[in-house]
Amino acid sequence: MRRLVSIVLVFAASTVACGDALEGVGDLSRDFVYAGSSSSTTSTTQVQSQSLNLQAVTEVAWTNDGVDAGISLGPDLLIRRIWERGGETSEFIQSSRREIAAALPAVEFPRLVPSGVTHVTSQLVFDPQTASLDVSTAAAFGLWSGEPYTLPRTEAQLVVLRVGIYDFDDLVPGEIFSVRVSGGRELSWVKGDYIYQLFCRTGVSEESCFTIAESTTPLSILSIIGE
């Protein structure tokens with residue numbers, strides 16, 4: 001557990017879009033709850049999302065979908081093209097969801113988001129020293145309650161999701177760990193090849209934040225649905 005807390009603290013303190021520092025560490029954790037395909041489960045999920053003030057992510061606009069470089073290039077060449085598009089100096093490069101899904105195969109994104117969210121920004125994050133994706137934060141997503149960057153993040157950026165490449169053998173997939181941070185709460189979990197960290201700003205309830213984390217599905221599927 002001590003090792004886990006250390007990893008969470010390092011991950012939370014990395015250069016991120018929300019810019020909030022850790023205020024304190026909680027001891028909350030929760031196992032994943034995976035929704036089934038039965039009609040009763042679907043109905044329960046809909047009622048739950050309404051009670052928690054959540055909506056389907058398909059209802060929001062993906063700001064960067066227009067910068068798509070073409071996923072037919074293959075992951076390696078695609079990543080190189082995106083790096084060049086950023087001038088070969090930027091760490092955070094605006095990228096479409098199709099690009100991110102192709103660059104990070106099987107990466108997931110929540111199906112449910114706060115009902116106030118209207119836009120999602122999406123970026124691939126690079127290590128300028130190697131011109132490759134940053135291991136600790138390879139992709140970052142901002143969920144905004146208005147036109148991105150026109151209002152302060154503390155007002156309009158309700159949720160931030162960061163995705164790193166999982167390489168810690170002692171982190172056990174299947175459980176969400178929660179820490180209290182300045183301005184809200186951060187959840188961390190491992191699934192597949194990635195470690196996810198979800199920041200929910202104060203105003204998004206803890207139960208809603210957990211439900212958002214539990215609703216992840218492959219980003220590649222969401223990309224197809226949104227077309």
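Values below: all heavy atoms of this structure, side chains included; hydrogens, waters and symmetry mates excluded.
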**Message:** Would you say that V125 contacts F92 through its side chain, given a criterion of any heavy-atom pair below 4.5 Å between the two side chains?
**Reply:** yes
**Request:** Say whether, by atom type as modelled, one donor and one acceptor occur between the side chain of Q55 and the main chain of V117 under 3.5 angstrom.
**Result:** yes
**Asked** Hey, do the aromatic rings of W189 and F210 have their centres closer than 6.0 Å?
**Response** no
**side chain to side chain contact (heavy atoms under 4.5 Å, CB included) evaluation trace for L78 with E99** = CA-CA 8 Å; L78 174 63; E99 289 176 326; 4.2 Å; yes
**Request:** Could you go through the side chain to side chain contact (heavy atoms under 4.5 Å, CB included) check for R162 and E186 one step at a time?
**Result:** CA-CA 10 Å; R162 300 184 296 278; E186 289 185 343; 3.3 Å; yes
**Message:** Checking side-chain polar atoms at under 3.5 Å, does T121 have a donor or acceptor matched by the opposite partner on W144?
**Reply:** yes
**Request:** Measure across S95 and L124 and return the closest heavy-atom pair with its distance rounded to 0.1 Å.
**Result:** OG-N, 3.5 Å
**Prompt:** To the nearest 0.5 Å, how far apart are OG in S136 and CD in Q197?
**Reply:** 10.5 Å
**Message:** Less than 4.0 angstrom from a charged side-chain N to a carboxylate O is my criterion; do E214 and R111 meet it?
**Reply:** no
**Fill in**
Interatomic distance, NE2@H119 vs CG@N64, rounded to 0.5 Å, equals 11.0 Å
**Request:** Tell me whether L187 is reachable from V57 by hopping between hydrophobic residues (I, L, V, M, F, W, Y) whose side-chain heavy atoms are closer than 4.5 Å.
**Result:** yes
**Request:** Start with the C-alpha gap between N53 and S115, add the side-chain angles, then the distance that decides, and say whether side chain to side chain donor-acceptor pair (under 3.5 Å) holds.
**Result:** CA-CA 6 Å; N53 204 25; S115 60; 2.6 Å; yes
**Message:** Once rounded to the nearest 0.5 Å, what's the spacing between atom CG of D76 and atom CZ of R80?
**Reply:** 11.5 Å
**Message:** Apply side chain to side chain contact (heavy atoms under 4.5 Å, CB included) to residues W62 and S122 and explain how you reach the verdict.
**Reply:** CA-CA 8 Å; W62 287 75; S122 48; 4.2 Å; yes
**Validation row: I93, W83 side chains within 4.5 angstrom (heavy atoms)** = yes
**Request:** Check whether any side-chain heavy atom of V60 lies under 4.5 Å from a side-chain heavy atom of V113, and answer yes or no.
**Result:** yes
**Asked** Distance from T211 atom OG1 to L52 atom CG, nearest 0.5 Å?
**Response** 4.5 Å
**Message:** Please check: side-chain N/O of Y196 versus main-chain N/O of E108, any donor-acceptor pairing under 3.5 Å?
**Reply:** yes
**Request:** Determine, step by step, whether V163 and I195 satisfy the side chain to side chain contact (heavy atoms under 4.5 Å, CB included) criterion, reporting the C-alpha distance in whole Å, the side-chain angles of both residues, the deciding distance to 0.1 Å, and the verdict.
**Result:** CA-CA 6 Å; V163 184; I195 179 169; over 6 Å; no
**Message:** Could you check whether any side-chain heavy atom of I79 comes within less than 4.5 Å of a side-chain heavy atom of L133, counting everything from C-beta outward?
**Reply:** yes
**Presence of salt bridge, E155 and R201, under 4.0 angstrom** = no
**Request:** For residues V159 and F141, determine if any side-chain heavy atom of one lies less than 4.5 Å from a side-chain heavy atom of the other.
**Result:** no
**Item:** R97/D65 ion pair, N-O < 4.0 Å
**Value:** yes
**Asked** Does the pair R180/E206 count as a salt bridge with the N-to-O cut at 4.0 Å?
**Response** no
**Fill in**
When every non-hydrogen atom of L219 is compared with those of A101, the smallest separation belongs to CD2-N, 4.0 Å
**Prompt:** Any side-chain heavy atom of L143 within less than 4.5 Å of one from V160?
**Reply:** no
**Message:** Looking at every non-hydrogen atom in both residues, tell me the closest pair between G116 and L158 and how far apart they are.
**Reply:** C-CD1, 4.3 Å
**Complete:** Between the OG atom in S90 and the CD1 atom in I82, the distance rounded to the nearest 0.5 Å is 13.0 Å
**Item:** Exam field: side chain S208 to backbone V204, donor-acceptor pair closer than 3.5 Å
**Value:** no
**Heavy-atom closest pair, residues P128 and T89** = CG-O, 4.2 Å
**Asked** Does the side chain of K191 reach to within under 4.5 Å of the side chain of T216, using non-hydrogen atoms?
**Response** yes
**Asked** Under 4.5 Å between side-chain heavy atoms, hopping through other hydrophobics if needed: is there a path connecting Y149 to L151?
**Response** no
**R185-S178 side chain donor-acceptor pair, cut-off 3.5 Å** = yes
**Asked** Going by heavy atoms in the side chains, are I165 and D193 under 4.5 Å from each other?
**Response** no
**Which atom of P148 lies closest to which atom of T63, heavy atoms considered** = CG-OG1, 3.5 Å
**Shortest non-hydrogen separation from L161 to P110 and the atoms involved** = CD2-CD, 3.9 Å
